[in-house]
Structures are given as C-alpha cells and as structure tokens.
Amino acid sequence: MQELTHYINGAHVKGTSGRFADVYNPAIGEVQAKVPLATTAEMDQAVQAAAAAQPAWAAVNPQRRARVMMKFVDLLNQNMDKLAEALSREHGKTLPDAAGDVQRGLEVVEYCIAAPQMLKGEYTDSAGPGIDMYSMKQPLGVTAGITPFNFPAMIPMWMFAPAIACGNAFILKPSERDPSVPLMLAELMEEAGLPKGILQVVNGDKEAVDAILDHPVIQSVGFVGSTPIAEYIYGKGCSNGKRVQCFGGAKNHMIIMPDADMDQAADALVGAGYGAAGERCMAISVAVPVGDDTADRLIEKLVPRVEALKVGPYTAGNDVDYGPVVTAAAKANIERLVQTGIDQGAKLVVDGRDFKLQGYEDGFFVGAHLFDHATKDMDIYKTEIFGPVLTTVRAQTYEEAIGLAMDHEYGNGTAIFTRDGDTARDFANRINIGMVGINVPIPVPLAYHTFGGWKKSAFGDLNQHGPDAFKFYTRTKTVTSRWPSGIKEGGEFSIPVME
Ligand code: NAD
C-alpha cells in the first residue's frame, strides 16, 4: 500500500499523526494509497518554513517571479499525460476531462505571468506642494488554501499561482480524496525554480483546516468546496481576522425557450449535466423548459441521448463519456436522493438504478438518470446531488422560469437557450447568479476574467482568478512623501548681484 506524504519545505515528509485517509481508485473500488492527516504541529512546521522563506521571495522582482510561472507552464505541458493519469486514477474522471482540469489551471498560471503589469502601483506627482503620493501592492505573507476533490489540479492552481506570483508563500490543504496531483504540482513548481517553503502541501482533514484557521501567521484563506463547510471557514477565518474567500455548492438551471434549437439544447444538456458524472460545480443539474410543448420536445430529444451515454473507467480513454463518482458514500448519497425523487412524485424517465459494468462491479459507477415533472419543493430540486442526475422542472412562462433560478438558494452558474436576443439580454441583466451562459451550457470564465457565484455559492468580496486574484493576494500601502528642502536651495549658483 502506497503511503503518501506531506510536502514541507521542499521535501516529502511522512505524516506523524498516525491518522490516515484511504485514497480509492473509484473505477475498481479499491484503496490504492493512504494519505496522512496532519496534526496542528505539522501545520505549524509548514507555516514556520513558509514564514522564513517568504520575505526573500517577496524581494525577488515580479519579472523573475513570472519567469518561474513560465517555466512551470512548460513543465505542466511536458507532464500533462502523467498528471492526467494520476488525476483520473484517484478521481475517476475520463482522461480527456482530467487533461482539461490541468489545462484550466495552467491557463491561470499563464495569466499570472502578467504579474509585473498587475502589480504596478499608482503614483500622483505633486499631490500637494512638494508632496508626492504613491500606492504599492504588497504581498500578504503566508497564505493558505483548502480545495475540493472535484478539480484537484485546476483549483489548487487557481489559488497558488496568483498567491505566489504576488510574492506570498502558500500552504495548500488539498482534498484527502485525491491528493497525488497537488503533491506533483508542488514538485514541478520547485523544478521551475521556486524556492523551498514557498509552496507546501499539508494533507489533512478538519484538524488541519482548523490549524490553518487558528494560525496567527496565516494572513488569508481561500476555500472551494461544499456550502456548509464554506460558511464555517468563512465565519471562523473572518472572526480570526483573516482575509477569506469561500466558494460553495451549486444548483445550476438551464432555461430552454420555445424558440431554442432543441438538438443543440439537448446536446448541451447531456454534456453539462452528465460530464464528469455531474461532479462539477458548474454542471447543469436543472433543465427548465418553458411551456409543455417545449418540455415534450426536449424530453423526446434527451431520452435517447441520455440512454446512449457511455459510462466506464478512465482506462477506456476517449470511449467513455463519464466515469465513476468519487466514493461509495457519494454513490450511496446519489442513490438516496434519486429515491426521494421517485417517492416525492417526480417522473424518472431514464432510470440508471440498475446500471452495472461488467468487470467493474465494485467501482463507484452510477447510471445516468433523467427526471421530468419535478417541482420546487422536492429534495432533488433543492439539494445539490453532485451526480449524473438531471432534473427537469417545467415552467409555463419565461417569468416563472427566471423566477425559479432567482429564488434558488444557490447562484453559481446558469444558462439560457434561445434564438431571441431580447430574452437573452433580459435574462443576463436580471438574473441574480454570478456566471451566465447564453446558448453556452457551462459558462466557466477564462483565466483573465473572474470566477465566482452569488448567494450561497460564494462568501467574500472578490472572485477567483483574473484581476480579483491580484487584489485578494495583495494589500495596498499608500505613501505620502515630502522631502525637506535640500542642497538645491542650499547652494546659490547665479552670480551674486548687489541690491
Ligand atoms: P467538501 O466541502 O466536502 O470538502 C472541501 C474541502 O474541505 C476538502 O479539502 C476537505 O478536506 C475540507 N473539509 C471537509 N469537511 C470539513 C470540515 N468538517 N471542516 C473543515 N474542512 C473540511 O467538498 P468536496 O466534496 O471536496 O467538493 C464538492 C463540493 O465543492 C460541491 O459542493 C461543489 O459544488 C463544490 N465546488 C464549488 C466550486 C465553486 O467554485 N463554487 C468549485 C468546485 C467545487
């Protein structure tokens, strides 16, 4: 059994707590490694190393820090296959999807190569007589991030790349479900030229998270995961005086207008609803067709597509549409929620409950499910299922459809499919959700824009990546400067004249 480590001060360090979590290969349902769960003392060891290394890193000019990012991008590309394979083996997603996970993180690293530009300050010449005023963007010091299982490459990079480009040290507490890729990323950052102690990986569970939240040296905490934990981390981190941003769960609605291209909408829904087995915070989990005729046409197009989805292990390469879910507990939770849907009266038009994959009977595979005629009081509508289950709620009018999305407690992403520009424009303007797609089902903004939901999907003032990341990972210092009169007035160089 492989025993994973922490990565502290440039070295793989064995865990000392005696506590471990099992890391599964979800395709075969077997434990493939043990990951150590850190103690408060181990977290403190990493914080001390970070605090010792950070001032020298902050003093490296931004251009040189950006060069480390450039080299890191090269190394990510060179190691893409290896990273994707390790990611799929622990997470279960398909190999092309795993490469996409790395790629979407890589793009934020590329954006961080702009650090010299992003970190330029402001200057006012002659703000008063002989007085100049300037603002500097300085790093925070030691920063930390806590990341979820579903994007083990992308989300760590969304955090540590800008943090480090700004001159901070960063401690990553990845998900205990798939910690291998984060460890590999830390090694590659050092190969790219990052000094020891600037990026460390401390594996763990609640004890490690609390050690981050309570540590007086850690200045900021980034979190991505489920909403209850996001609320806990935001509350505790803020009350401990830290700068905190937390991104939580989702229930993303896609509205299908009567004028939409129904084939296009159905294709979009199967990709966005079932890709990565629905384990994406930007997955579409609710389809809202407007009008019964639209709903009937949509369901007719969806059923054969959902029934044809190919489910299998990542080793099948491009031949599978999605893989297993991450754990047996996740599978059981999805099955429980599907049962509540049936019990509460939704119509299960594609039933994936009997799905079995020959040779992979112990894997955590879940067949594709499609519900029709769900209503907003049902658990399958209110709860984030995080599995291959698409729920259809029929609306009679556009107003009813937009109202559903607006009343839901989550506000991460949403989409509308229509041919009418006026409807699309109204939707984009009125909707109280952070990321909006118009005929685009998963509107994940690119690296140079920012990513973040509204309502219970995000806590804090700033989004992830894009210009907001450079704000989150720096603080402003403004200097007002007046120099006393010096030699310029002390000497007299013109020919003395007699008055
Ligand atoms: P999770 O909340 O279970 O875990 C996230 C992190 O929190 C992990 O590192 C975990 O170790 C830690 N954690 C878990 N329980 C804890 C506790 N009691 N105290 C302190 N820390 C704890 O989430 P997950 O299952 O890994 O990820 C799936 C969730 O993440 C979904 O809800 C999904 O929507 C959300 N997500 C959101 C975004 C976004 O940007 N909004 C992106 C990806 C995932």
Side-chain angles (χ1 to χ4, degrees), residues 19 21 23 26 35-38 40 43 90-93 101 104-105 108 144-159 171-179 181-182 201-214 221-237 244-252 276-285 325-327 329-331 333-334 383-387 408-414 433-435 442-445 450-460 462-466 468-469:
R19 294 197 307 124
V23 179
V35 62
L37 303 174
T40 305
M43 184 61 75
E90 290 184 352
H91 178 284
K93 64 176 75 175
D101 189 329
R104 273 302 186 103
V108 170
I146 300 150
T147 52
F149 82 84
N150 68 327
F151 282 101
M154 178 183 89
I155 293 177
M157 284 192 263
W158 283 9
M159 294 183 185
I171 296 173
L172 173 65
K173 204 303 285 171
S175 170
E176 59 275 46
R177 313 242 177 277
D178 43 16
V181 169
V201 180
V202 181
N203 285 302
D205 57 2
K206 185 173 187 323
E207 182 173 344
V209 170
D210 284 336
I212 288 173
L213 296 173
D214 288 330
V221 180
F223 170 85
V224 178
S226 60
T227 289
I229 312 295
E231 283 179 308
Y232 168 73
I233 288 174
Y234 191 69
K236 188 163 179 170
V244 189
Q245 59 175 189
C246 294
F247 299 89
K251 196 79 180 173
N252 303 319
E279 291 176 324
R280 288 183 184 139
C281 69
M282 289 294 278
I284 294 289
S285 47
V325 297
V326 69
T327 55
K331 178 175 154 91
N333 189 46
I334 296 161
T383 315
E384 182 181 43
I385 301 176
F386 229 53
H408 204 285
E409 65 171 335
Y410 293 122
N412 214 38
T414 188
I433 289 174
M435 292 171 281
I442 307 188
V444 178
T450 71
F451 180 107
W454 290 14
K455 300 187 277 183
K456 292 261 182 187
S457 294
F459 305 84
L462 295 167
N463 280 353
Q464 300 194 84
H465 64 66
D468 275 13

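Every heavy atom of this structure was used, including side-chain atoms; hydrogens, water molecules and symmetry mates were not. Read the numbers this way: they start at 1 and go in the same order the structure lists the ligands and their atoms. Everything numeric in this text was worked out from a predicted model, so none of it was measured.
Near Ile146, the atoms of ligand 1 lying under 4.0 angstrom from a non-hydrogen atom of the residue are 6 (C), 7 (O), 9 (O). Near Pro174, with a cut-off below 4.0 Å to any heavy atom, the atoms of ligand 1 are 9 (O). Residue-ligand proximity, Ile155 to ligand 1, at heavy-atom distances under 4.0 Å covers atoms 42 (C), 43 (C). The distance from ligand 1 to the heavy atoms of Phe386 drops below 4.0 Å at these ligand atoms: 28 (C), 31 (C), 33 (C), 34 (O). The distance from ligand 1 to the heavy atoms of Ser175 drops below 4.0 Å at these ligand atoms: 9 (O). Interface atoms of ligand 1 facing Phe247, defined by a heavy-atom separation under 4.0 Å, are 39 (C), 40 (O), 41 (N). The atoms of ligand 1 that sit less than 4.0 Å from any heavy atom of Asn150 are 43 (C), 44 (C).
Pro445 is listed as a side-chain neighbour of Met435, based on a closest heavy-atom distance under 4.5 Å. Taking 4.5 Å as the limit, every side-chain heavy atom of Val244 sits out of range of all side-chain heavy atoms of Phe459. Counting heavy atoms from C-beta on, the side chains of Pro152 and Asp101 come closer than 4.5 Å.
In this structure, Lys456 pairs ionically with Glu231, as a charged nitrogen and a carboxylate oxygen lie closer than 4.0 Å.
The minimum heavy-atom distance between Val23 and Arg177, with the atom names listed, is CG1-O, 3.3 Å. Here the closest heavy-atom approach between residue Ala38 and residue Val202 is recorded as CB-CG1, 3.4 Å. When all heavy atoms of Met43 and Ala208 are compared, the pair lying nearest together is CE-O, 3.5 Å. Between Phe247 and Leu462 the shortest heavy-atom distance is CZ-O, 3.6 Å. Closest heavy-atom contact between Asn412 and Gly249: CB-O, 4.4 Å. The two atoms that bring Pro443 and Thr414 nearest to each other are CG-O, 3.7 Å, heavy atoms only.
Using a 4.0 Å heavy-atom cutoff, Asp210 is absent from the residues neighbouring ligand 1. Under a 4.0 Å heavy-atom criterion, Asp205 is not in contact with ligand 1.
Of the protein's non-hydrogen atoms, the one nearest atom 41 (N) of ligand 1 is Gly248 O, 2.8 Å. The protein heavy atom nearest to atom 2 (O) of ligand 1 is Ser226 OG, 2.6 Å. What sits closest to atom 26 (O) of ligand 1 on the protein, heavy atoms only, is Phe149 N, 3.0 Å. Of the protein's non-hydrogen atoms, the one nearest atom 34 (O) of ligand 1 is Glu384 OE2, 2.6 Å. At the shortest separation from atom 40 (O) of ligand 1 among protein heavy atoms lies Phe451 CE2, 3.1 Å. Scanning the protein for heavy atoms near atom 21 (N) of ligand 1, the closest one is Val209 CG2, 3.4 Å. Nearest non-hydrogen protein atom to atom 36 (N) of ligand 1 is Cys281 CB, 3.6 Å. Given atom 35 (C) of ligand 1, the protein heavy atom at minimum distance is Gly225 O, 3.1 Å.
For a threshold of 3.5 Å applied to N or O pairs, the pair formed by Thr147 and ligand 1 contains at least one separation below that value. Remark: ligand 1 and Thr227 share no N or O pair separated by less than 3.5 Å (distance only, no angle test). Between Phe151 and ligand 1, a contact under 3.5 Å exists for no N or O pair.
Figure legend: cation-pi geometry between Lys93 and Phe151, with NZ or CZ positioned under 6.0 Å from the six-membered ring centre and within 45° of its axis.
Contact annotation for Ala230 and ligand 1: no heavy atom of the residue comes within less than 4.0 Å of the ligand. When heavy-atom distances to ligand 1 are checked against a 4.0 Å cut-off, Glu176 comes that close only through its side chain, counted from C-beta outward.
Under the 3.5 Å distance criterion, the side-chain polar atoms of Glu279 are matched with a main-chain donor or acceptor of Val326.
In this structure, atom 24 (P) of ligand 1 has a protein heavy-atom contact shorter than 4.0 Å.
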**Study point:** Audit row: Phe451, Arg104, side-chain contact (heavy atoms from CB on, under 4.5 Å) steps and yes/no
**Key:** CA-CA 12 Å; Phe451 180 107; Arg104 273 302 186 103; over 6 Å; no
Check your understanding: Going through the distances and angles, do Val224 and Thr147 end up as a side-chain contact (heavy atoms from CB on, under 4.5 Å)?
Key -> CA-CA 5 Å; Val224 178; Thr147 52; 5.5 Å; no
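For atom 18 (N) of ligand 1, the candidate residues are Asn412, Ile229, Val224; the nearest heavy-atom contact is made by Ile229.
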